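So the structure is just underneath, and the comments pick up after that.
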Amino acid sequence: EEGVAAAPDSARSPPSAVLGAAADALEALAARPFRLEEYGAAWAESEATCRPAADALAGALAQVRAAHAAGALDAAPYAAVEGRLARALDLLARGLGDGGHRAG
């Protein structure tokens, strides 16, 4: 039985590395025959692995929005960064099934 391979240190790795490793592991599972229990366990492990990365992205979005509101970030760079972070969080929320991380 194969589980979802976590990033070497999901709390310290960049969110993109953590999310990429989880996606790769889920894709590898999907490419072979698996039992329903194994599938459920893999998704649960993936969610636990990705949660710190999702929290880090949510924190980054809050910081970018605060910097823009304080006038420390111009409109064009703000729009680009805010848009990417909000889209990433929306996709994560759909994948993790957690409306609490939806960007708003």
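Since this is a predicted model, take the numbers as computed values, not measurements.
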Enumerate the residue pairs fulfilling ring-ring contact (aromatic ring centres under 6.0 Å, His included) with a member in residues 44-66, sequence neighbours excluded, ordered by first and then second residue.
-> none
Heavy-atom distance under 4.5 Å between the side chains of E82 and R65, does that happen here?
-> yes
Starting at CG of L92, measure out to CZ of R51 and round the result to the nearest 0.5 Å.
-> 9.0 Å
Shortest non-hydrogen contact from L26 toward S46 = CD1-OG, 3.5 Å
Got a second to check how far C50's SG is from D55's CG, nearest 0.5 Å?
-> 11.0 Å
Across all chains, not counting sequence neighbours, the side-chain contact (heavy atoms from CB on, under 4.5 Å) partners of A67 are A72, L73
Of all the heavy-atom pairs spanning V81 and V64, show the shortest one and how long it is.
-> CG1-CG2, 3.6 Å
Which residues satisfy the side chain to side chain donor-acceptor pair (under 3.5 Å) test with Y78, sequence neighbours excluded?
-> none
Atom CH2 of W43 and atom CG of L29: how far apart are they, to the nearest 0.5 Å?
-> 10.0 Å
E38/R32 salt bridge by N-O under 4.0 Å criterion | yes
Look only at the side chain of T49 and the backbone of E45, and say whether a donor-acceptor pair between them is shorter than 3.5 Å.
-> yes
Taking all non-hydrogen atoms of both residues into account, name the closest pair between L89 and A54 and its distance.
-> CD2-O, 3.6 Å
